[in-house]
Every structure is written in C-alpha cells, then in structure tokens.
Amino acid sequence: MTASAPSDTPVPADSTTPAESTLLADLTTIRVGGPAHTLVHPTTEEELLENVRAVWKRGDDWLLIGGGSNMVISDDGYDGTVIHIATRGIQVVSQDETSLSIRVQAGESWDGLVARLVARGWAGIEALSGIPGSVGAAPIQNIGAYGQEIASALDGIDFLDYSSGELVHLSTAELELGYRSSVIKSGRAGLVIAVHLTLTASPTSSVQYQQLATALGVNVGDEVPVQQVRDTVLALRASKAMVLDPNEPDSASCGSFFTNPIVPEHIARALPADAPRWVIDEEPAIDVAVPLGETPALPPAPKSHKVKLSAAWLIENSGVKKGFRLPGSRAAVSSKHSLAIVNRTGASAAEVSELARYIGARVLGEYGIHLQPEPVGVGVELS
Ligand SMILES: Cc1cc2nc3c(=O)[nH]c(=O)nc-3n(C[C@H](O)[C@H](O)[C@H](O)COP(=O)(O)OP(=O)(O)OC[C@H]3O[C@@H](n4cnc5c(N)ncnc54)[C@H](O)[C@@H]3O)c2cc1C
C-alpha cells in the first residue's frame with residue numbers, strides 16, 4: 001500500500017454575506033436560529049484572526065460557528081457578531097513511511113478530511129467517519145464514535161486565547177479531553193485556529209466497538225481494512241439518520257442530544273437489570289496515613305466505580321419513544337434514534353428546547369438522573 005499525504009491546496013470557500021439576508025437557522029444542522037446582528041465569513045486565517053481580534057477589542061458579544069452541527073440558537077437570533085469560520089487548508093508538517101503529521105485549518109470539513117485520509121491509507125480517525133461539522137470544533141467536545149475519539153490522533157491545537165489575547169499552541173494534555181469534554185467546552189474561551197493530527201500508515205484498523213464488530217462480522221480487537229471500517233460506520237450511521245442527508249428528514253438534528261450520564265456505582269446498581277451499564281474507571285482505595293509501625297485504625301476504603309449509562313435507554317424507558325412529539329409541537333424525537341431531537345417540519349428553537357427539557361424532566365422523574373445536553377444552547381435553555 002502506498003500512503004500519500006492529502007493535498008495541501010486550500011479549497012476556496014464562500015466570502016462574506018450581509019447579516020440581514022441570513023438566518024442563523026441556515027448555518028445550523030437542526031435548522032433553528034433567528035438573524036445575527038452582524039455576520040462575517042472569514043476564509044483565510046489572517047481574516048479570521050483580524051475579525052476575532054477586532055470584535056474582542058470592541059467588546060462586542062461574539063459567537064463562533066463552524067458547521068453548526070452542535071448548537072441550538074434562539075429564534076431571536078444573536079445580538080452580536082457571529083463569525084462563521086470558513087478557513088480551509090491542510091498542511092503536511094512531517095511525513096515518513098509510518099506516520100503523517102498534519103495541520104488542518106479550523107474551517108475544513110471533518111468528514112471531508114477523514115475521507116481523504118482513509119482513501120490515502122492513513123489510519124487513526126476512520127471510525128469517526130460521518131460526523132458532521134468542522135475540524136476546529138472537533139477537539140472541543142473530543143468527538144467520538146464507534147470506539148474512537150479524536151484524542152488518540154490529536155497533537156494539539158493552535159488557539160487564540162481570549163483572556164490573554166495570545167496565539168498559543170495547546171498540547172493534547174493541556175486540553176484535558178474527556179468524554180465529550182475539554183477545557184474549552186468547560187469555559188476556556190477562545191478560537192481554535194487549526195488542529196494538529198498524527199495518523200499512522202496502516203492498511204487496517206483495530207475494531208473497538210461491539211456494534212461495529214457485529215456489522216463487520218468480526219470480533220472486537222480484530223483488524224479490518226480502514227476503508228471497510230469507514231464504509232461500515234457510514235452505513236450504520238445512515239441507518240440511524242446520524243449522517244447529514246438532505247433526503248433524510250430525521251438528519252436535521254444535532255446528532256445525539258444528550259450525553260450518556262456518568263454516575264456513581266450505587267446509582268447505577270439501583271437501575272433495572274436490563275439497563276446497559278459500563279464501568280469506566282476504578283478509583284484506588286483511599287490511602288490512610290499513619291505513623292510508621294502503627295496499624296491503620298481504619299479498614300481500607302471500599303473501591304468506588306464510576307459507571308456510564310445509556311441515555312437512549314433512560315429516555316425510552318421513561319416513556320419517550322422514537323418519533324415522540326409534544327402536542328402541537330413541530331420538534332420530535334427521531335424515528336430512528338431516541339437520542340436525537342429532529343426538526344422535520346420547520347420547528348422553532350423554542351419547540352426544540354421545550355422537548356429537550358421535557359425529556360430531561362421525564363428521565364429525572366423516573367430515575368432521578370439529570371441528562372446533560374450535548375449541543376451548546378445559544379439564548380435557549382436545553383435543560
Ligand atoms: C447527524 C449528526 C451526527 C453527529 N454525530 C456525532 C458523533 O458521533 N460524535 C460526536 O462527538 N458528535 C457528533 N455530532 C455533533 C457534532 O457534529 C460535533 O460536535 C462537531 O464536532 C461539531 O462541529 P461544528 O463545526 O458543527 O461545531 P458548531 O456546532 O459550529 O459549534 C459547536 C461549538 O463549538 C464552538 N466552535 C466552533 N468552531 C470553533 C472554533 N474554531 N474555535 C472555538 N470554538 C468553536 C461553537 O461556538 C459552539 O460553541 C453529530 C451531529 C449531527 C448533526
């Protein structure tokens with residue numbers, strides 16, 4: 001197999017559009033959101049930095065949008081400057097027979113990047129095929145699917161830090177990536193300008209997710225050609241309307257609307273026997289400090305586990321089934337995936353928000369567990 005680098009030729013992108021003519025609904029995959037006070041579409045890094053620095057200097061409210069696939073924007077729109085990031089370009093930082101390091105500008109399409117890398121024989125992000133959105137947003141919630149996360153291929157990001165105004169490189173460790181989380185998602189404000197990734201030259205990929213293994217007819221841990229992993233992930237996603245498809249009304253969504261809750265073991269144990277549960281870590285017993293020669297007065301503390309639950313199971317078993325909608329509402333639970341809220345018929349952000357809060361209340365009432373919304377709410381309450 002010959003592994004070659006993706007092209008480093010920037011792809012031309014749209015230029016600026018007057019704010020008045022654009023509803024933010026047109027920039028989001030769930031298709032809600034009123035107008036922006038001001039809207040800019042920087043297409044080069046220079047323009048992007050210039051725009052962002054100018055807005056910060058003026059002290060205006062600001063909002064960054066990449067692919068708009070993980071946000072719900074108010075029907076009132078946004079009374080500040082919206083920066084729609086359209087910067088494109090992939091630069092090869094280093095390459096040898098075994099690995100490829102690249103710097104990718106924030107506005108590149110995530111799935112476009114995965115497709116190009118897989119086609120050229122580079123492994124590391126193939127199970128993340130079909131995730132909509134931009135490369136710049138991918139580390140913000142450490143995108144993950146089918147047993148992979150961007151964390152494992154990430155070498156850090158180029159970041160314009162809001163608090164210092166400095167352009168810095170943040171290493172993967174500094175991003176403190178977790179399950180759908182990072183320091184940026186937790187509140188470190190700024191702009192991801194570019195993402196650094198390292199891929200491996202490998203004809204195959206180790207399958208790390210049971211549903212994917214079943215679809216491929218292999219066992220977890222088996223090696224499968226990277227292109228076959230991508231194709232199978234795309235087919236699995238399509239069956240749940242989890243890829244953007246203009247012909248699939250259930251794909252007008254933010255993907256999974258809730259993260260899988262992570263709870264202490266005793267809460268997980270109290271759920272019915274058929275509730276899916278995954279132990280995700282094991283905290284060591286607490287050390288007891290005693291003077292040398294003395295016996296500890298306390299027995300070792302019992303080990304405590306954290307357990308990940310299935311948000312989809314909790315929702316369905318709270319009585320909210322696929323296709324559910326509140327009376328008179330145009331927002332619905334996807335008919336193909338109980339974790340997705342979809343806008344099949346011109347729903348408003350208020351209707352999406354109402355349904356999200358209703359689902360959260362049902363799960364809380366039934367199981368005492370708070371569901372956390374995965375998308376970012378802009379001027380709307382999602383929980
Ligand atoms: C059908 C569907 C399936 C999905 N499946 C998955 C999945 O399997 N796994 C998964 O993890 N996610 C999934 N998602 C969610 C979403 O695609 C990802 O979170 C994606 O990374 C969001 O990218 P975006 O460019 O659309 O971000 P946006 O929605 O544009 O922005 C999301 C947040 O990031 C901020 N932001 C955007 N760009 C930047 C930047 N350059 N610098 C700083 N902040 C920025 C925004 O201000 C906002 O707060 C899915 C969504 C859909 C619609």
Side-chain angles (χ1 to χ4, degrees), residues 24 27-33 42 45 48-49 51-52 61-73 78 80-87 104-114 125 127-151 157-162 170 175 177-195 209 212 233-234 236-238 240-245 248-260 334 336-337 339-343 373-378:
L24 293 172
L27 301 181
T28 65
T29 56
I30 196 164
R31 299 197 210 118
V32 298
E45 284 191 354
L48 175 61
L49 289 167
N51 275 295
V52 170
D61 286 339
W62 53 284
L63 174 68
L64 302 172
I65 298 191
S69 63
N70 210 24
M71 51 192 354
V72 180
I73 301 177
Y78 188 75
T81 301
V82 174
I83 298 153
H84 179 220
I85 301 166
T87 51
V104 189
Q105 293 190 33
E108 278 283 349
S109 144
W110 172 261
D111 190 51
L113 176 71
V114 179
I125 53 174
L128 304 178
S129 291
I131 299 180
S134 63
V135 167
I140 292 175
Q141 70 157 11
N142 183 23
I143 55 166
Y146 298 100
Q148 263 179 3
E149 289 180 333
I150 190 179
I157 59 170
D158 296 337
F159 187 67
L160 184 65
D161 194 304
Y162 177 67
L170 296 183
L175 286 170
L177 302 177
Y179 167 62
R180 302 297 174 275
S181 68
S182 70
V183 287
I184 303 173
K185 188 140 187 182
S186 316
R188 181 162 177 181
L191 163 72
V192 178
I193 298 160
V195 168
Y209 197 78
L212 178 59
V233 165
L234 289 176
L236 278 170
R237 284 183 160 282
K240 303 181 217 170
M242 279 287 161
V243 275
L244 295 183
D245 175 356
E248 168 51 81
D250 274 348
S251 78
S253 76
C254 296
S256 299
F257 208 94
F258 301 97
T259 54
N260 289 323
S334 166
K336 303 194 174 62
H337 192 8
L339 259 188
I341 291 180
V342 299
N343 179 4
E374 191 179 302
V376 176
V378 180

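When a ligand or atom number is given, it counts from 1 through the structure's own listing order.
For ligand 1, none of its N or O atoms has an N or O atom of G133 under 3.5 Å away. Annotation: S253 places no N or O atom under 3.5 Å from an N or O atom of ligand 1; distance criterion only. Among the atoms of M242, none of the N or O lies under 3.5 angstrom from an N or O of ligand 1. At least one N or O atom of G68 sits closer than 3.5 Å to an N or O atom of ligand 1.
Nearest-residue assignment for atom 27 (O) of ligand 1 (options A106, A137, P132; heavy-atom criterion): A137. Looking at H337, M71, E374, Q141, it is Q141 that brings a heavy atom closest to atom 19 (O) of ligand 1.
Taking 4.0 Å as the cut-off, S251 does not count as a neighbour of ligand 1 on heavy-atom distance. Using 4.0 Å as the threshold, G190 has a heavy atom nearer than that to some atom of ligand 1. A heavy-atom separation below 4.0 Å is not found between K185 and ligand 1.
For S129, the side-chain contact (heavy atoms from CB on, under 4.5 Å) criterion is met by D111, V114, R230, V233, L234, not counting sequence neighbours. In this structure, the side-chain contact (heavy atoms from CB on, under 4.5 Å) partners of T29, at least two apart in sequence or on a different chain, are S69, L244.
Protein heavy atom closest to atom 26 (O) of ligand 1, with residue, atom name and distance, is S69 OG, 2.6 Å. Regarding atom 44 (N) of ligand 1, its nearest protein heavy-atom neighbour is I140 CD1, 3.2 Å.
Here I143 has heavy atoms under 4.0 Å from ligand 1 in both its backbone and its side chain. Residue-level proximity to ligand 1 for T29 is carried by the side chain, the only part with a heavy atom below 4.0 angstrom.
Heavy-atom contacts from other residues, nucleotides or ligands closer than 6.0 Å to CZ of R31 number 12 or fewer.
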